[in-house]
Amino acid sequence: MTCVKLYCDLRKKLSHSRMAGVEQPCYTLINFPTDTEPYNEMQLKIDLEKGDIKKKIEALKKTIGIILSGEKIPGLLMIIIRFVLPLQDHTIKKLLLIFWEIVPKTTPDGKLLQEMILVCDAYRKDLQHPNEFLRGSTLRFLCKLKEPELLEPLMPAIRACLEHRHSYVRRNAVLAIFTIFRNFEFLIPDAPELVANFLEGEQDMSCKRNAFLMLLHADQERALSYLSSRLDSVHGFGDILQLVIVELIYKVCHVNPSERSRFIRTVYGLLNAPSAAVRYEAAGTLITLSNAPAALKAAAACYIELIVKESDNNVKLIVVGKLSALRAVGGAAAARALPDLAMDVLRVLAACDLDVRRHTLHLALELATPRHAEELVSVLRKECARAHSAEHEDATKYRQLLVRAMHRAAIKFPEVAGSVAPAMMEQLGEGGETAAQDVMLFLRHALHSFPDLRSTIYEKLLESVKNIRVGKIARSALWLVAEFADTPERAAAALDVLAELLPSDDGEAQSEEASKPEAPRQLVTSDGAYVTQSAFSVQQPSTTTSTKNGLSEAVRSGESFTAACACSALCKLALRLEEPQQRLRALLLAAQLVAYHKLDANETGGLTTDDIEHAALCARAGLEQSGVVRSALLQGSRRALAALLALPDRALPDLMPDVEQEQTEKKAERKVEIEQGISFGMLAGATAPQQHDMFELSLNKAVQGRTAPSSASAGSLSRVRQLTGLSDPVYAEAIVSVNQYDIVLDVLVVNQTDDTLQNCTVELATLGELRLVERPSPLVLAPRDFATIRAHVKVASTENGIIFGNIVYEVSGASLDRGVVVLNDIHIDIVDYIHPAGCSDADFRRMWAEFEWENKVSVNTTITDLRVYLDHLLASTNMKCLTPDKALSGQCGFMAANLYARSIFGEDALANLSIESPLHRTNGPVVGHVRIRAKSQGMALSLGDKINLMQKSPQQKLTENAIPAA
């Protein structure tokens, strides 16, 4: 009981110390090769003392590397002060600045080392050096010092640098004064007044920027006074100063909204600044200052101009995201102002990046109104024509995006559906395009939803169906031809078209007769020689070429199911035709098609048993003309299509599944408690809580990285991993935080002995695609003391990894060898790298066909319910179920579902779940398998290992990705 209480008290003290302490920032990253030779301290001393300049430089570099790796060499400090510090070589000066930054400057009891007095004198001489580079570098170095005892003697020299002739020295002097004032205000209490006077007389823009930045954070009143006196000349300032001015305006108006009218004209003017960064920040600030439609329109126009002119695709994506967010949060003002810019947004389609184009099309369709519908479709049609001649690798995917965009435009604005249909037919071709399936989806939707355009679209479909040779597209086209032949004229026209494409007795006889070789004949050449000529040696024009290509080839020699679909379409036409002769003609064509495949089974492969049975049932249904069969085939399929198109996820094609799903969830969550009060900004007064600072939120979000949805509620204690046993001399545990591309280990080390442990070091190593960034520094632990060590591990790919190691320490005053405590392994899970994502069925099937690595995992579990197993799988693997809930509802004894997830590196992970309940056992465990496909082998294997581990673990609670039981 006492041990438990001691442990809880220790955890509380640790949490308080973490909250109170601030982690030291990192200013410089230095890379050292791992294959360097071990150092010799005596040789280093000789090189630093008696070597030439080159040897001293190399020895100083080795010394810096040794200190950074955690070793201590106290004997070298005085040697460097005596023999290296007086040198005037610039390379040595640079290395010394790094050395003095990292070397320990205090004794173990916190007092400044006596040797640092000599170093302080060297600092003062460098601050008075005639070379401006040395002065500026020294001033930048002083910004990193945290010892006021070292800084106090240097203050007169730092002040004097404000009057140096070179701007490099002056601007670094301002930064040094700013940092010293922020950390140790007592050293220079008059810093704001000093810098304000400096700003009034300064002409260099970089110096003015640093001075204004200091006043912004140290004394906003002085900064505001300076800005107010120069509002009319802000447009002539440099871009670096304009950025700081925009930040000041935002902060002032954020605290005091009554100042908005004073500065909004200045922000409007900065929208036309030469610098893209200034225009971007000014547009973001203008949105926060005013919600007027004119302000939103000006900011949006500035964003669009930035996207068009900026070449970096990452910048384009960020600014397009800003535009989308502006439309989402702008409310009624954005709804009035932004639609006028819908056509300007389409200028961004000139970019080459597919993601930029996808975001642009989605935004343009969201902004467009019926007034812009015709122009929108016209631009999309021109883009389709331009994309056909493009040869870049994403051309086919871009054409698919354009087809989906036109589909959405036609559904959103029915008045332009007539002009969209011909453009769609041009994209159909032979059916080999990626966009062909999307074209068929549009035709299905248009033929069902637009009765006025049905005749025109149907005629275009009959003209295009002859050229389709891909089986999957051919089957969709045959179904559309038979389903929407709802008048006798259309049915007769469809039958004539199919009769030309399908094999018949007359056509086969003519082809056989034409294929018989003619008798060879003798000819005499010009030199009198005899030659023999035959029909085999002369290429004659083919009269049946048109009937052997396109749909005819797909039906004759394509997949077996395509021929069965053709029989089904012919029988449905037989049910729709009124004349008995036409009905018999349709059924005869179906019978001839089946006979053709039976006779030429060696060449075509023949029909499968299922397809033969399907064709026979269709022929029988068309021959008997039963009322029940007619109702099921003619009216039932139309009702099923109407119900399918009424589903929310099938109403429109997906351009950005993740964004659209997030918007749908936000709309569903828009609920307010009935007791919640209403806040009126005009009546709130000065004591009302202010909104969060935009700059602080952006910085925090960038530093925080990606967080899991459940991490906030669970807290850091849910991620604690015990590394050693409670009876070990040194107890250790770690909080593992996966932060997008790196893993942070906060290791708590507790000395459980009555001895002082020296050089207590946590030595870590990794297995897999992980890399340790830096080696943790050694510690000195007093008896029963504890400390925290932070280690960073970089993640290179989406695979499972292992972090292992040990704790090495020395007992103070003991002559024994070093003690070692082996740590438990930390397994880094693939679930930390992937998150649920959405994609369309067509994209899922395309990726399933493209990905070459597959891992098949057999289901081995004690769970007896199919839905429970699926929920457990989703909660454990962090994947999303793409199969609709309606398709999974009911109790039929088996289940098939598609799962999808995307990693933080942009890699896709697909899974197909096929499970069933055993028929011979009541309440038996679920059986089946999970097939995983990924582009990389490591991801497929890691996800399979996770599923195997999941099947042995207890069931987890339902997460937001899990599907609730019906």
Side-chain angles (χ1 to χ4, degrees), residues 271-280 282-284 296-327 337-369 371-410 412-413 416 419-420 422-424 426-427 433-435 438-439 653-656 659 843 906:
L271 293 179
N272 300 318
S275 172
V278 174
R279 297 201 302 272
Y280 175 78
L296 297 181
K297 188 173 182 179
C302 180
Y303 281 145
I304 294 172
E305 197 69 22
L306 285 172
I307 301 171
V308 173
K309 293 184 177 179
E310 186 61 40
S311 58
D312 191 348
N313 290 326
N314 293 322
V315 175
K316 290 178 182 288
L317 285 174
I318 292 172
V319 182
V320 171
K322 279 282 188 182
L323 269 175
S324 302
L326 176 60
R327 182 198 169 275
L338 297 185
D340 294 336
L341 301 173
M343 303 313 301
D344 292 335
V345 171
L346 292 177
R347 294 163 54 197
V348 186
L349 293 178
C352 297
D353 186 71
L354 188 64
D355 288 333
V356 175
R357 288 171 164 173
R358 180 183 288 109
H359 283 77
T360 302
L361 288 172
H362 182 265
L363 178 61
L365 288 171
E366 292 292 327
L367 295 178
T369 60
R371 187 166 44 126
H372 311 98
E374 287 289 347
E375 190 177 359
L376 174 67
V377 172
S378 175
V379 172
L380 294 179
R381 293 185 63 175
K382 291 179 181 178
E383 281 293 317
C384 283
R386 190 168 65 89
H388 262 295
S389 58
E391 297 180 355
H392 54 85
E393 56 182 5
D394 291 332
T396 57
K397 295 180 181 179
Y398 181 44
R399 288 194 289 269
Q400 184 181 23
L401 281 179
L402 291 172
V403 168
R404 293 182 179 181
M406 287 193 290
H407 185 175
R408 294 175 72 98
K412 186 176 181 180
F413 311 112
V416 300
S419 57
V420 170
M424 288 290 198
E426 295 174 1
Q427 304 296 321
E433 283 279 341
T434 309
D438 294 281
V439 174
D654 294 328
L655 282 178
M656 298 176 60
V659 176
D843 293 337

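- For the atom pair L363 CG and I307 CD1, the distance stands at 7.5 Å (nearest 0.5 Å).
- For the atom pair I318 CD1 and K322 NZ, the distance stands at 9.5 Å (nearest 0.5 Å).
- Side chain of R399 to backbone of A435: no donor-acceptor contact under 3.5 angstrom is found.
- By the 4.5 Å heavy-atom criterion applied to side chains, L361 and L380 are counted as neighbours.
- Side-chain contact between I304 and L323 is present, with heavy atoms from C-beta onward closer than 4.5 Å.
- For the residue pair T360 and L346, the shortest heavy atom distance occurs at CG2-CA, 4.5 Å.
- A distance of 14.5 Å separates CG in L402 from NZ in K397, rounded to the nearest 0.5 Å.
- The minimum heavy-atom distance between E366 and K412, with the atom names listed, is O-NZ, 3.7 Å.
- For the salt bridge (Lys or Arg N to Asp or Glu O under 4.0 Å) test, residues two or more places apart in sequence or in another chain that qualify with K297 are D340.
- Listed by chain and residue number, V416, S419 satisfy the side-chain contact (heavy atoms from CB on, under 4.5 Å) test with E374 (two or more places apart in sequence, or in another chain).
- Between F413 and V377 there is no side-chain heavy-atom pair separated by less than 4.5 Å.
- Taking a cutoff of 4.0 Å between a charged side-chain nitrogen and a carboxylate oxygen, E305 and R347 qualify as a salt bridge.
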* Show your reasoning for whether side chain to side chain contact (heavy atoms under 4.5 Å, CB included) applies to L326 and L296. => CA-CA 8 Å; L326 176 60; L296 297 181; 3.6 Å; yes
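- Between V356 and K316, the shortest heavy-atom distance links the atoms CG2-CB, 3.9 Å.
- Taking each heavy atom of R381 and A423 in turn, the nearest pair found is NE-CB, 3.5 Å.
- H372 NE2 to T369 OG1: the interatomic distance, rounded to the nearest 0.5 Å, is 4.5 Å.
- Atom CG of D353 is separated from atom CG of D312 by 10.0 Å, given to the nearest 0.5 angstrom.
- Between R404 and D843, at least one side-chain nitrogen of the basic residue sits less than 4.0 Å from a carboxylate oxygen of the acidic one, meeting the salt-bridge criterion.
- Residues M406 and C384 form a side-chain contact, since some pair of their non-hydrogen atoms from C-beta on lies under 4.5 Å apart.
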* To do: Could you go through the side chain to side chain contact (heavy atoms under 4.5 Å, CB included) check for L376 and L365 one step at a time?
  => CA-CA 9 Å; L376 174 67; L365 288 171; 3.7 Å; yes
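- The shortest non-hydrogen separation linking H359 to L317 is ND1-CD2, 3.8 Å.
- Among residues two or more places apart in sequence or in another chain, the side chain to side chain donor-acceptor pair (under 3.5 Å) test is passed with Y398 by E383.
- Between L271 and R279, the closest heavy-atom pair is O-CD, 3.0 Å.
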